[in-house]
Amino acid sequence: MTVLVNPTALSDHRARDFKMLIDGKWEAGASDPIERVAPSHGVVVSRFPAGSRTEAERAIAAARKAFDEGPWPRMTASERSAILLRAADLIAARAEELAFLDAIEAGKPITQVRGEIAGSVDIWRYAAALARDLHGESYNTLGDGTLGVVLREAIGVVSIITPWNFPFLIVGQKLPFALAAGCTTVVKPSELTSGSTLVLGEILQQAGVPDGVVNIVTGTGPEVGAVMTSHPDVDMVSFTGSTGVGKLTMSNAAQTLKKVSLELGGKNPQIVFPDADLDAFVDAAVFGAYFNAGECCNAGSRLILHKSIASDVVRRVAELAKGVRVGDPLDPSTQVGAIITPQHLEKISGYVAGARSSGARIAHGGETLDLGMGQFMSPTILEAVTPDMAVAREEVFGPVLSVLTFETTAEAVSIANSIDYGLSAGVWSRDFDTCLTIGRSVRAGTVWMNTFMDGASELPFGGYKQSGLGRELGRHAVEDYTETKTLNMHIGKRTNWWMPQTEKLV
């Protein structure tokens, strides 16, 4: 079903002009701005400064000075925590503004984005709590002459690079934890969806974050991101995006041996056994495949179904997919919004065409949608997919669901693990032994059992293999932005040679 309500809602919208934040000052940039055309309505909705190497280097210098000389790393944890809590309250107060920006710039359904903003508020509050829990260790067990203390210190200047698919949520999975640890930062949002991150800069200033602690530079990866990932004054890079760009980020960071945290792509399986609650699964399958128009690193884009139930399950998933509401992101009833760019829509369509030519069959959808505005893709189901097909191995990043089949548990695990990604997975069975066997065998950072795409601030998120390095969220998230330092303290008289004094052996 296609729903299109008020397609001219942005016809009277005046494009918003933004500035970037460097050392506490808002700047327009020297070049012509980047114009963002709403993927849902085809009109310019935002203009961002086109930052260059010059702005990136100035932002890094400001962050370096703020870390080396400024108050932020030297505040007490309770002082930093209080500022983060104020930021969370201010985010909540401007939630509708933030949701609107992400909806029009990314083509995301407004109801979905409202949920993401609420989730972000919770993450900021969680990071504020972890700021006060950060601590080191002491060792009073090294003998009478030694006391050991292990300190946790902020790692320094952190470059944070975020993608277009979850503009506000993903910066919330990184920035508050870096700030909680006492780091200073340079943030580069995607040049397609920078608006909500720039509003966050205003919020952090209002909350009391000192100048230079958070700098936001807009622009492209080659112009800005390359500097942020290679500059010698940056101590750590936290990047979310495609695996290809993640590899480039890691290569750039290797020039100065920076710490790197990468949250990359996924090709996530849902393995379904005959004894599963199929009513619950079918709902989760449709949600997992089409949430955020499938432009989601942990989308459930591979169904691995037991052969005995495959035909019935595909029929039921297709029937439910028919009712998915595709259309105007500003309509609260919309479930699937627009595809981010015309080029990306063409890429998705190319995967579908390639799968068909390789022998897959379309069980539902498969075509682009002409809604009189923007670019849209119908929720699509491909059956008779084999593990060697590109659509079964590569990240389509669109509303395309591939269906594969298995007969034994070992075969299901083999199919799930046969690709380069390992971000998340799901298993469906009423038998807990089966769920636990799959959970321990599939190489993925998150395995959902009889559910899919649930999450909480307390639970770590990240991937195996080419889905990334490190974890975000969870109780250790602040520690990721720290270094450990050992203080080895001698007590009393010290010997003058490295060999310990011992009795003469006879």
>> More than 12 heavy atoms of other residues, nucleotides or ligands under 6.0 Å from CG of Asp370: yes or no?
In response: no
> So Asn252 and Gln255, side chain to side chain contact (heavy atoms under 4.5 Å, CB included) or not? Walk me through it.
Replying inline: CA-CA 6 Å; Asn252 288 344; Gln255 298 174 35; 3.8 Å; yes
> Mind checking whether Asp328 and Met373 have side chains closer than 4.5 Å, heavy atoms only?
Replying inline: yes
> Distance from Gln206 atom CD to Arg86 atom CZ, nearest 0.5 Å?
Replying inline: 10.0 Å
> Any chance the side chains of Thr243 and Gln466 put a donor and an acceptor closer than 3.5 Å?
Replying inline: no
> Pairs in or reaching into residues 288-304: which pass side-chain hydrogen bond (donor to acceptor under 3.5 Å, both in side chains), with residues at least two apart or in two chains?
Replying inline: Lys108-Asn292, Gln112-Asn292
>> A quick test of your reading: do over 12 heavy atoms of other residues, nucleotides or ligands sit less than 6.0 Å from CE of Met250?
In response: no
> Partners of Glu479 by salt bridge (charged side-chain N to carboxylate O under 4.0 Å, His left out), sequence neighbours excluded?
Replying inline: Arg152
> What distance do Phe287 atom CZ and Thr451 atom OG1 have between them, rounded to the nearest 0.5 Å?
Replying inline: 8.5 Å
>> Minimum heavy-atom separation for Met20 and Gly29, please, with both atom names.
In response: CE-CA, 3.8 Å
> Can you tell me if Lys259 uses its side chain to pair, donor with acceptor, with the backbone of Asp480 under 3.5 Å?
Replying inline: yes
>> Quick check against the 3.5 Å criterion: does Glu395 have a side-chain atom that pairs as donor or acceptor with the backbone of Gly266?
In response: yes
>> If I compare all heavy atoms of Gly365 with all of Ser378, which pair ends up nearest, and what's the gap?
In response: CA-OG, 3.5 Å
>> With a 3.5 Å distance limit and no angle check, can you tell me whether Arg47 reaches the backbone of Asp17 through a side-chain donor-acceptor pair?
In response: no
> So, do Lys267 and Val396 sit near enough that their side-chain heavy atoms are less than 4.5 Å apart?
Replying inline: yes
> Looking only at heavy atoms, which two atoms of Phe452 and Ala284 are closest? And how far apart?
Replying inline: CB-CB, 4.3 Å
Using residues 169-186 as the side-chain source, report each donor-acceptor pair under 3.5 Å to any protein atom, sequence neighbours left out, with the distance given to one decimal.
| from | atom 1 | to | atom 2 | distance (Å) |
| --- | --- | --- | --- | --- |
| Gln173 | NE2 | Glu472 | OE1 | 3.1 |
| Lys174 | NZ | Ser238 | OG | 3.0 |
| Lys174 | NZ | Thr240 | OG1 | 2.8 |
| Lys174 | NZ | Glu472 | OE2 | 2.5 |
| Thr184 | OG1 | Ala63 | O | 2.8 |
| Thr185 | OG1 | Val213 | O | 3.0 |

Only distances under 3.5 Å count here; give the side-chain donor-acceptor pairs of residues 415-424 to other protein atoms, sequence neighbours excluded, each with its distance to 0.1 Å.
| from | atom 1 | to | atom 2 | distance (Å) |
| --- | --- | --- | --- | --- |
| Asn417 | OD1 | Arg443 | N | 2.9 |
| Asn417 | ND2 | Ser441 | O | 3.1 |
| Ser418 | OG | Ile415 | O | 2.8 |
| Ser424 | OG | Asn268 | OD1 | 3.1 |

> So, the side chain of Trp428 versus the backbone of Gln270: is there a donor-acceptor pair under 3.5 Å, distance only?
Replying inline: no
> Does the Arg393 side chain pair with the main chain of Pro387, one donor and one acceptor, at a distance under 3.5 Å?
Replying inline: yes
> Is the backbone of Ser159 close enough, under 3.5 Å, to the side chain of Lys188 for a donor and an acceptor to pair up by distance?
Replying inline: no
>> Any side-chain to backbone donor/acceptor pair from Lys19 onto Ala28? Under 3.5 Å, distance only.
In response: no
> Under 4.0 Å between a Lys/Arg side-chain N and an Asp/Glu carboxylate O for Asp235 and Arg64?
Replying inline: yes
>> For a 4.5 angstrom cut-off between non-hydrogen side-chain atoms, does Phe461 reach Thr446?
In response: yes
>> Using every non-hydrogen atom in the two residues, find where Ile203 and Ala87 come nearest and quote the distance to one decimal.
In response: CG2-O, 3.8 Å
> Run the side chain to side chain contact (heavy atoms under 4.5 Å, CB included) check on Glu191 and Glu223 step by step: do they pass?
Replying inline: CA-CA 11 Å; Glu191 66 272 20; Glu223 288 292 325; over 6 Å; no
> Can you name the nearest heavy-atom pair linking Met453 to Gly288, along with the distance?
Replying inline: CE-O, 3.6 Å
> For the residue pair Phe48 and Phe18, does the interplanar ring angle fall in the parallel (under 30°), tilted (30 to 60°) or perpendicular (over 60°) class?
Replying inline: tilted
> Is a side-chain donor or acceptor of Thr341 paired with a backbone partner of His344 at a separation under 3.5 angstrom?
Replying inline: yes
>> According to salt bridge (charged side-chain N to carboxylate O under 4.0 Å, His left out), does anything in residues 200-222 pair up with another residue at least two apart or in another chain? List the pairs.
In response: Arg94-Glu202
> Does any non-hydrogen side-chain atom of Leu21 lie less than 4.5 Å from one of Leu198?
Replying inline: no
Which donor-acceptor pairs under 3.5 Å do side chains of residues 118-129 form with protein atoms, sequence neighbours excluded?
| from | atom 1 | to | atom 2 | distance (Å) |
| --- | --- | --- | --- | --- |
| Ser120 | OG | Glu116 | O | 3.0 |
| Asp122 | OD2 | Ser457 | OG | 2.6 |
| Arg125 | NH2 | Asp89 | OD1 | 2.8 |
| Tyr126 | OH | Arg475 | N | 3.2 |

> Quick one: are Pro109 and Gln335 in side-chain contact, heavy atoms under 4.5 Å?
Replying inline: no
> Given side chains that start at C-beta, do those of Thr162 and Pro189 come closer than 4.5 Å, heavy atoms only?
Replying inline: yes
> Looking at side-chain heavy atoms only, is the closest gap between Phe397 and Asn165 below 4.5 Å?
Replying inline: yes
> Would Thr218 and Val224 count as a side chain to side chain contact (heavy atoms under 4.5 Å, CB included) if you check the C-alpha gap in whole Å, the side-chain angles of each, and the deciding distance to 0.1 Å?
Replying inline: CA-CA 8 Å; Thr218 52; Val224 176; over 6 Å; no
> Atom CD of Glu55 and atom CD1 of Ile22: how far apart are they, to the nearest 0.5 Å?
Replying inline: 5.5 Å
> Does the His231 side chain pair with the main chain of Asp233, one donor and one acceptor, at a distance under 3.5 Å?
Replying inline: yes
> Run the side chain to side chain contact (heavy atoms under 4.5 Å, CB included) check on Phe168 and Val199 step by step: do they pass?
Replying inline: CA-CA 10 Å; Phe168 198 81; Val199 171; over 6 Å; no
> Okay, side chain of Thr334, backbone of Val326: is any donor-acceptor separation there less than 3.5 Å?
Replying inline: no
> Are any non-hydrogen side-chain atoms of Val44 and Val37 less than 4.5 angstrom apart?
Replying inline: yes
> For the residue pair Arg16 and Leu101, what are the closest heavy atoms and their distance?
Replying inline: NH1-CD1, 4.0 Å
>> Working to the nearest 0.5 angstrom, can you tell me the gap between Arg36 CZ and Ser194 OG?
In response: 10.0 Å
> Roughly how far apart are Leu473 CG and Glu458 CD, rounded to 0.5 Å?
Replying inline: 9.0 Å
>> So for atom NZ, which belongs to Lys465, do other residues, nucleotides or ligands contribute more than 12 heavy atoms lying within a distance under 6.0 Å?
In response: yes
> For the atom pair CD1 (Ile161) and OG (Ser190), what is the distance rounded to the nearest 0.5 Å?
Replying inline: 11.0 Å
